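Structure first, commentary second.
Sequential numbering from 1 along the given sequence is applied to the chain's residues. From a predicted model like this one, the values you see are computed outputs, not experimental measurements. All values below come from the heavy atoms of this structure, side chains included, with hydrogens, waters and symmetry mates left out. All ligand and atom numbering here is 1-based and tracks the order in the structure.
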Amino acid sequence: MTTPTTGCCVWMTGLSGAGKSTIAQVLVERLTAAGRIVTLLDGDVVRTHLSKGLGFSKADRDANVLRIAFVASEIVRHGGVVIVAAVSPYESTRNQARTMVGPESFLLVHVATPLAVCERRDVKGLYARARRGELSGLTGIDDPYEPPVHPDVVLDTANATPDGSADAIWRVLVSRGVATPTSVS
Ligand code: ADP
């Protein structure tokens, strides 16, 4: 069977520690094994390169998301697959990203892990720093997170494994012709 060449952007939004990067990594491996060339735009990495110098004000967060969306739109336009793992807390900015990429090629995944679970994981120690008053503007603590109004997929990672969460996204990718059912999983 030939490898599909449909462009697609999987955009993962959610709180810090929700599991975006972890699930994105599983998807990258599966898509690569299925013969697709995949670009991962991880928020933390993007902020050290593409968005170096930007902070966490609303204006800077929006600029960060729109830069990612621009790169994602170019990748999709050329038939590639791009996975974005970024907090991207604002509904209107995510909608702008959807428009830039093209709604038919945009898959919005809400990694809807509850704040309490993210805080218990505290992968980067950010929540502890915020609770100690050493960090301000942390999404979910003293900065807003607007849950997506129309997500394509909602994942509750508190009751699933990263593989199980990736399965739910994989099924949609297959239904959209981005991956073939026989490829993996
Ligand atoms: P984010 O990218 O959203 O900030 P990370 O992927 O960096 O989050 O961290 C999520 C943490 O939660 C990781 O340590 C991961 O191993 C753990 N985890 C536990 N269960 C899951 C799951 N079902 N899906 C994703 N991550 C999970």
Side-chain angles (χ1 to χ4, degrees), residues 8-33 38-52 54-58 60-62 64-69 71-72 81-91 93-94 97-98 106-132 134-148 151-173 179 184-185:
C8 182
C9 171
V10 178
W11 190 291
M12 305 179 66
T13 172
L15 298 173
S16 177
K20 303 178 296 297
S21 303
T22 305
I23 297 163
Q25 202 55 55
V26 176
L27 274 181
V28 167
E29 284 163 24
R30 288 192 191 189
L31 284 159
T32 305
V38 190
T39 304
L40 174 60
L41 297 176
D42 189 287
D44 291 336
V45 180
V46 165
R47 279 185 172 277
T48 66
H49 297 281
L50 185 66
S51 292
K52 192 170 179 177
L54 291 183
F56 293 88
S57 65
K58 179 168 191 310
D60 278 7
R61 286 175 184 271
D62 285 348
N64 178 47
V65 165
L66 296 178
R67 285 181 194 182
I68 295 171
V71 177
V81 179
V82 55
I83 299 173
V84 175
V87 175
S88 42
Y90 296 109
E91 172 76 3
T93 323
R94 288 190 302 261
R98 185 192 287 272
F106 194 86
L107 187 73
L108 184 62
V109 178
H110 182 197
V111 187
T113 310
L115 174 65
V117 176
C118 296
E119 188 162 0
R120 216 174 304 130
R121 291 177 181 165
D122 210 2
V123 190
K124 295 171 213 150
L126 296 177
Y127 292 103
R129 284 176 57 205
R131 295 296 185 194
R132 288 197 300 266
E134 296 166 9
L135 179 72
S136 64
L138 181 61
T139 302
I141 301 294
D142 59 349
D143 224 46
Y145 180 79
E146 299 173 356
D152 296 291
V153 178
V154 180
L155 302 173
D156 177 4
T157 74
N159 299 300
T161 61
D163 266 324
S165 301
D167 284 343
I169 302 171
W170 185 263
R171 282 193 287 275
V172 182
L173 293 176
V184 193
S185 178

Practice task
Indicate yes or no for a side-chain donor-acceptor contact from Thr13 to the backbone of Val87 under 3.5 Å, with no hydrogens or angles considered.
Solution key: yes
Problem - Arg61 versus Thr93, side-chain donor and acceptor atoms under 3.5 Å - result: no
Problem - Over-ring placement of Arg47 relative to Phe56, 6.0 Å and 45° cut-offs - result: yes
Polar pairs, ligand 1 vs protein, N/O only, below 3.5 Å.
unit_1, atom_1, unit_2, atom_2, d
ligand 1, 2 (O), Ser21, N, 2.8
ligand 1, 2 (O), Ser21, OG, 2.7
ligand 1, 3 (O), Ala18, N, 3.2
ligand 1, 3 (O), Gly19, N, 2.9
ligand 1, 3 (O), Lys20, N, 2.9
ligand 1, 3 (O), Lys20, NZ, 2.7
ligand 1, 4 (O), Gly17, N, 2.8
ligand 1, 6 (O), Ser21, N, 3.4
ligand 1, 6 (O), Thr22, N, 2.9
ligand 1, 6 (O), Thr22, OG1, 2.5
ligand 1, 8 (O), Gly19, N, 3.1
ligand 1, 12 (O), Arg121, NE, 3.3
ligand 1, 12 (O), Arg121, NH1, 3.3
ligand 1, 20 (N), Arg121, NH2, 3.3
ligand 1, 23 (N), Thr157, O, 3.3
ligand 1, 23 (N), Ala160, O, 2.5
ligand 1, 23 (N), Pro162, N, 3.4

Practice task
Check for a donor-acceptor pair, side chain of Glu91 on one end and backbone N or O of Glu146 on the other, with a separation under 3.5 Å.
Solution key: no
Problem - Tyr127 (side chain) donor-acceptor with Leu115 (main chain) under 3.5 angstrom - result: no
Fill in the blank from the handout: Sorted by chain and number, sequence neighbours left out, side-chain hydrogen bond (donor to acceptor under 3.5 Å, both in side chains) with Asn64 holds for Ser51
